Peer 1: 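Handing you a structure now.
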Amino acid sequence: MSSLDAEDRELMLRFLHERWDEGGRDIQGWEKAVKPILDKYYPHADGQPRYYGTPVWPVVVCLLGLWVPFLLGTWFGSQGYGKTFFVLLWLICTGVIYFCSRSIAEQRNQPYVRWSAIESQRSKIASEFVREAQSMLGQFIRDDAERKRLKAAEEFERRQVRGLGPIQECTPRQAERLAALWMQHMGESDAVVSQATRDGGIDVESSNFVAEVKHHAKPVGPVPVRSLHGVAMSRGKVGVFFSRRGYTASSVEFARDAGLLLFTYNPEAGTLRGLTKVSEYALENGLSSVFRRVSESE
C-alpha cells in the first residue's frame, strides 16, 4: 500500500512537470522535491545526533590492572584472602562498572535511536517517491511519443487534400479535371482544364499557374519537369506538376532548385501530397501565397 496521498502526488507531478519543461527526461533533483513530504510525515531536527558506543575502558582497566589483585592477595594472604579471591573480586567490580557504563551509553543513545528510526522511515518514503516518479515519468514519455505520433498523423493528413474523390478507374482526362479541382481548392478559382489534348502540353492553366498531369504507371523523369518549367517561365507563371506515381530523384532535385511545385495524387483515395517544401507550403497556405513569394523574390 502506498504511503503517498493525493497531496504528495500533486507535489510529485509539479516536480516532474518542472523537469519536463526544463527539458529533463529524468528525475534529477528529486531529493529537494521529496523533502516537504518527508518533513510532513517524519520531521526531525537537522543534524545526526552523536552515537555513544559500548564503553571499552573497563575491560582495558581490568586487563592492565590484573597485577592489583595479585598484589592484594600477597598482602592479605596471611589473613586468609588468597589471590584468587581478589582476582574474582576485581573481575566482578570491572563487570559492574562495564554494565553500568553500557546502560548509561544506551540512555545517552536514545536521541540517536529515535533519529535512526525516523531516518529509516524517511528512506522508505523517499524510495517510494523515486519509484512512483520514475513510473510517472515513463508514462510522460509514452504520452509524449503518442502525442508526437498523432501530431505527425494529423500533419500528414493536413497536407493531403481530401474531399476531391475518390475516383475509381480514373482516366487521364479525369485526372486533369481532378488536378483543376485541386488547384481551385488551393485558391486558384479560375483554374481550368486546357483545350489541348496531346499529353506533352499544358493540361491545366490559371492566371498565375500552368500545370501538367502525368497519369502514368512510372515515376516522372526530369525531361517533362524541365519542359514544364520552360513553358511556365515563357508565360510568366509558376509550374505545377501532378503525378500519380511520383518522381525520380533528379526530377525532385531540379524542381527544388527551380521552385516548381510537385504533387503526387491518389484518385482512388482522393488525396494530394506535396513533394517539395514549396508544394507543402501551397497545401497549407494556398497557391496564391506561393505566387506572391515568387513575385517578391523576382
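Just so it is clear, the values below take in all heavy atoms, side chains as well, and ignore hydrogens, waters and symmetry mates. In this chain, residues are counted from 1 in sequence order. All values reported here derive from a predicted model rather than from experimental measurement.
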Peer 1: Regarding Arg273 and the six-membered ring of Phe263, is the cationic atom NZ or CZ under 6.0 Å from the ring centre and inside 45° of its axis?
Peer 2: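 Arg273 over Phe263 ring: no.
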Peer 1: Is there a continuous path of hydrophobic side-chain contacts, each under 4.5 Å between heavy atoms, that joins Leu13 to Leu38?
Peer 2: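 Same hydrophobic cluster.
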Peer 1: With ring-ring contact (aromatic ring centres under 6.0 Å, His included) as the test, would you mind laying out the steps for His229 and Phe254 before giving the verdict?
Peer 2: CA-CA 10 Å; His229 179 60; Phe254 174 81; 5.7 Å; yes
Peer 1: Indicate the atoms forming the closest heavy-atom contact of Val238 with Gly259, along with that distance.
Peer 2: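 Scanning both residues, the minimum pair turns out to be CG1-O, 4.2 Å.
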Peer 1: Do other residues, nucleotides or ligands put more than 12 heavy atoms under 6.0 Å from the CD atom of Glu31?
Peer 2: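 Counting neighbours around CD of Glu31, more than 12 heavy atoms of other residues, nucleotides or ligands fall under 6.0 Å, so yes.
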Peer 1: At their closest point, which heavy atom of Trp30 faces which heavy atom of Ala126, and how far apart are they?
Peer 2: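 Smallest interatomic distance, heavy atoms only, reads CZ3-CB, 3.9 Å.
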Peer 1: Under a single-linkage definition using a 4.5 Å side-chain heavy-atom cutoff for Ile, Leu, Val, Met, Phe, Trp and Tyr, are Val193 and Phe242 assigned to the same hydrophobic cluster?
Peer 2: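 No, because Val193 and Phe242 fall into different hydrophobic clusters, even though each may have its own neighbours under 4.5 Å.
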Peer 1: What is the ring orientation for Tyr265 with Trp182, classed by angle as parallel under 30°, tilted 30 to 60°, or perpendicular over 60°?
Peer 2: tilted
Peer 1: Between the side chains of Ser123 and Ser120, does any donor sit under 3.5 Å from an acceptor?
Peer 2: no
Peer 1: Distance from Leu16 atom CG to Arg9 atom CZ, nearest 0.5 Å?
Peer 2: 12.5 Å
Peer 1: Indicate, with yes or no, if Val231 and Val192 share a hydrophobic cluster defined by side-chain heavy-atom contacts under 4.5 Å among Ile, Leu, Val, Met, Phe, Trp and Tyr.
Peer 2: no
Peer 1: Looking at every non-hydrogen atom in both residues, tell me the closest pair between Phe241 and Lys214 and how far apart they are.
Peer 2: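 Minimum heavy-atom contact is CE2-CG, 3.2 Å.
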Peer 1: Which heavy atom of Met183 sits nearest to which heavy atom of Ala211, and what is that distance?
Peer 2: SD-CB, 3.8 Å
Peer 1: Nearest 0.5 Å, please: how far is CD1 in Ile37 from CE in Met12?
Peer 2: 6.0 Å
Peer 1: Enter the distance from Glu280:CD to Leu261:CG here, rounded to the nearest 0.5 Å.
Peer 2: 10.5 Å
Peer 1: Give a yes or no on whether the backbone of Ile202 and the side-chain of Ser194 come within a donor-acceptor separation of less than 3.5 Å.
Peer 2: yes
Peer 1: State yes or no: are the ring centers of His17 and Phe140 separated by less than 6.0 Å?
Peer 2: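 Yes.
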Peer 1: For Ser251 and Val220, indicate whether the former's side chain and the latter's backbone hold a donor-acceptor pair under 3.5 Å.
Peer 2: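 The answer is yes, because a donor-acceptor pair under 3.5 Å joins these two groups.
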Peer 1: Any donor and acceptor pair, going by atom type alone, linking the side chain of Ser116 with main-chain N or O of Tyr112 inside 3.5 Å?
Peer 2: yes
Peer 1: Taking a hydrophobic cluster as the set of Ile, Leu, Val, Met, Phe, Trp and Tyr residues connected by side-chain heavy atoms closer than 4.5 Å, whether directly or through intermediates, do Ile27 and Trp20 fall within one such cluster?
Peer 2: yes
Peer 1: Could you grab the distance from atom NZ of Lys218 to atom NE2 of His216, nearest 0.5 Å is fine?
Peer 2: 11.0 Å
Peer 1: Quick check: does any side chain N or O of Thr264 sit under 3.5 Å from a backbone N or O of Arg244, one acting as donor and the other as acceptor?
Peer 2: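 Between the backbone of Arg244 and the side chain of Thr264 there is no qualifying donor-acceptor contact (under 3.5 Å).
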Peer 1: Can you name the nearest heavy-atom pair linking Ser289 to Gly286, along with the distance?
Peer 2: OG-O, 2.6 Å
Peer 1: Might you point out which heavy atoms bring Ser189 and Gln184 nearest each other, and give the distance in Å?
Peer 2: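 Heavy-atom minimum between the residues: O-CG, 4.0 Å.
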Peer 1: Closer than 4.0 angstrom, basic N to acidic O: yes or no for Glu22 and Arg19?
Peer 2: yes
Peer 1: Report yes or no: do Gln174 and Arg177 form a side-chain donor-acceptor pair below 3.5 Å?
Peer 2: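 No pair is found: no donor N or O on one side chain lies under 3.5 Å from an acceptor on the other.
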Peer 1: May I ask you to decide if Ser206's main-chain N or O and Asp190's side chain share a donor-acceptor pair within less than 3.5 Å?
Peer 2: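 Not confirmed, Asp190 side chain does not pair with Ser206 backbone.
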